Amino acid sequence: MKHISLSYSTLTQLPPCALAFYPSDSRFVIVGTYKLEQDGSRHGTLDIYDCANGELKYCSSIESTDSSILDLKFSPHDSSLLASAHSTGRICLWRVSPSREDGIDVELISTYDVADSSDVLVLSICFSPIDPVVLSVTLSSGEWRLCSISTESAVAILQVETSFTAHSLEAWTSAFSSNGSLLFSGGDDSVLSAYDLRAGVEVWQDRRTHSAGVTSILPFHDNESQIWTGSYDEKLRVWDLRGSYSKGNVVNELSLGGGVWRLIDHPNVAEKLVLSCCMHGGARVINTSDELSDSSVVGNISEGHESMVYGGDWSSDGGYIATCSFYDKKLNLWSYR
């Protein structure tokens, strides 16, 4: 069995809440930070770290002077395309590429105000697994919005294609089904929603299963009948969705000891592993057994963080895990071998 051990720990200048390894070169991890000032203003940074030799060497920062960053996602179709979610209702698209100085360059290529007001926060981003120009965003207003990226010109252009208010409180997360036809979303109202993007209609809601807000959703792209959900109620639930428009059944439930904020699939699907960021509970590595009811925790990150673990990711080979915690401003690199 593989073991998790701390390889390196450092402090960020501002509180970190999201991170992502650069898929083309896992030497580099990009961290998004979020700072709320006493006057209500927010600002943040994109920080770049070099993870060579199992360390975390700070390289550079890009300041976001008028907004904080709440989520970061690389496109699964284009490893150079990075999207960031901002506290002013904005999405930014970045082009990440190797630099001549043995580092990486991060260039802003497009911004788009996806929300109707700068008072609305973009809380999460999810790229379609099927269509390389489609992504979903969720908003603090309870809506999700489906966006498309036009690359016909030299500058990428975003536009909203579909909007739906699925939740009465913050829409924390969304995820596409494995064939891209459904969009699942979860909100602070404890609702799990499924929307048929082809028919343009919500096909079901579950209001009873989660006893607190739904904060993470993970469909399995090699198994259309299975999704996982995470909640503030500290439980991970495994759903069997077999049946047309079926709400499905919860076939396994794991108590993870912290709010299940993020679920990140291992880059090698054959490994059958998922990383879970569990807020005050640290992080967990969970196996994804072929038998839905047999999923279990196989690794714990319970030390090294003294506050909410909001961000985490796998290196491209799965040999390292990066995690970040908010109030103590910790960025940790873990060996998983």
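From a predicted model like this one, the values you see are computed outputs, not experimental measurements.
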* To do: Using a 4.5 Å cut-off on heavy atoms from C-beta on, say whether the side chain of L241 contacts that of Q226.
  => no

* To do: State, yes or no, whether a side-chain contact exists between F164 and L183 at a heavy-atom distance under 4.5 Å.
  => no

* Common cluster, L46/Y34, ILVMFWY with side-chain heavy-atom separation under 4.5 Å -> no

* same_hphob_cluster(L331, I48) at 4.5 Å side-chain heavy-atom cutoff -> no

* To do: Measure from the side-chain N and O atoms of N300 to the backbone N and O of S302, and report whether any donor-acceptor pair falls under 3.5 Å.
  => no

* Taking the inter-plane angle between the rings of W144 and Y195 on a 0 to 90° scale, is it parallel (under 30°), tilted (30 to 60°) or perpendicular (over 60°)? -> perpendicular

* Asked: Would you say the side chains of S193 and E202 form a donor-acceptor pair under 3.5 Å?
  -> yes

* Asked: Considering only heavy atoms from C-beta outward, does the side chain of V269 approach that of T288 to under 4.5 Å?
  -> no

* **Lys/Arg N to Asp/Glu carboxylate O, D233 vs K235, below 4.0 Å** => no

* Asked: When rounded to the nearest 0.5 angstrom, what distance separates CH2 in W261 from NE2 in H280?
  -> 14.0 Å

* Give, for atom SG of C126 and atom CZ of F176, the distance between the pair rounded to the nearest 0.5 Å. => 5.5 Å

* Fit a plane to each ring of H305 and W334, take the angle between them on a 0 to 90° scale, and name the class: parallel (under 30°), tilted (30 to 60°) or perpendicular (over 60°). => tilted

* State whether the side chain of S7 and the backbone N or O of G54 hold a donor-acceptor pair below 3.5 Å, judged by distance alone. => yes

* **Option from Y336, Y320, F21 for which ring-ring contact (aromatic ring centres under 6.0 Å, His included) with W314 holds** => Y336

* Side-chain donor-acceptor pair present, H210, S231, cut-off under 3.5 Å -> no

* Rounded to the nearest 0.5 Å, how far apart are CD of E55 and OG1 of T10? -> 10.5 Å

* **Backbone of S5 reached by a side-chain donor or acceptor of S335 within 3.5 Å** => no

* Pairwise side-chain contact, L273 with L275, heavy-atom cut-off 4.5 Å (strictly under) -> no

* Any donor-acceptor pair under 3.5 Å from S174 side chain to T138 backbone -> no

* Asked: With side chains defined as the heavy atoms from C-beta onward, is the minimum distance between R27 and D50 less than 4.5 Å?
  -> yes

* Structure fact -> Scanning both residues in full, the closest heavy-atom pair of L6 with L333 reads CD1-O, 3.6 Å

* Asked: Does a side chain donor of either S79 or S24 reach within less than 3.5 Å of an acceptor in the other side chain?
  -> yes

* Is a side-chain donor-acceptor pair under 3.5 Å present for S216 with R262? -> no

* Asked: If you take all heavy atoms of V309 and G282, which pair is closest and at what distance?
  -> CB-O, 3.5 Å

* Determine, for D313 against K73, whether the closest basic-nitrogen to carboxylate-oxygen distance falls under 4.0 angstrom. => no

* To do: May I ask you to check whether S80 and S97 show a side-chain donor-acceptor distance below 3.5 Å?
  => no

* I149 side chain reached by F127 side chain, heavy atoms, under 4.5 Å -> yes

* Scan side-chain atoms only and decide if S26 and S316 contain a donor-acceptor pair under the 3.5 Å cut-off. => yes

* Charged N to carboxylate O below 4.0 Å: is that the case for D66 and R90? -> yes

* Would you name the heavy atoms of S124 and D71 that are closest together and state the gap between them? => CA-OD2, 3.3 Å

* Around atom CD of E303, are there more than 12 heavy atoms of other residues, nucleotides or ligands at under 6.0 Å? -> no

* Asked: Checking S61 side chain against E63 main chain: does a donor-acceptor pair fall under 3.5 Å?
  -> no

* Answer yes or no: does atom CD of E306 have more than 12 heavy-atom neighbours from other residues, nucleotides or ligands under 6.0 Å? => yes

* To do: Ignoring hydrogens and angles, tell me if any N or O in the side chain of D240 forms a donor-acceptor pair with the backbone of R242 under 3.5 Å.
  => yes

* Under 3.5 Å, side chain of D189 to main-chain N/O of S168, donor-acceptor pair present? -> yes

* Search all heavy atoms of L82 against all heavy atoms of V96 and return the closest pair with its distance. => CB-CG2, 4.1 Å

* Asked: Any chance the side chains of S41 and H43 put a donor and an acceptor closer than 3.5 Å?
  -> no

* Structure fact -> Closest non-hydrogen contact found for N287 with W228 is O-CH2, 3.6 Å

* Take atom CG in N53; do more than 12 heavy atoms of anything else shown fall under 6.0 Å from it? -> no

* Side-chain contact, heavy-atom cut-off 4.5 Å: V122 with L70? -> no

* Kindly say whether C278 contributes a backbone atom to a donor-acceptor pair with the side chain of S276 at under 3.5 angstrom? => no

* Does a side-chain heavy-atom distance below 4.5 Å link L108 with I62? -> no

* Looking at CH2 of W239 and CD1 of I227, how far apart are the two atoms once the value is rounded to the nearest 0.5 Å? -> 6.5 Å

* Asked: Do you know the tightest heavy-atom contact between R42 and S68?
  -> CB-OG, 3.3 Å

* Donor-acceptor under 3.5 Å (S99 side chain, D105 main chain) -> no

* **Polar side-chain atom of S190 near backbone of A212 as donor-acceptor pair, under 3.5 Å** => yes

* Asked: How far does CD of E101 sit from SG of C59, to the nearest 0.5 angstrom?
  -> 11.5 Å

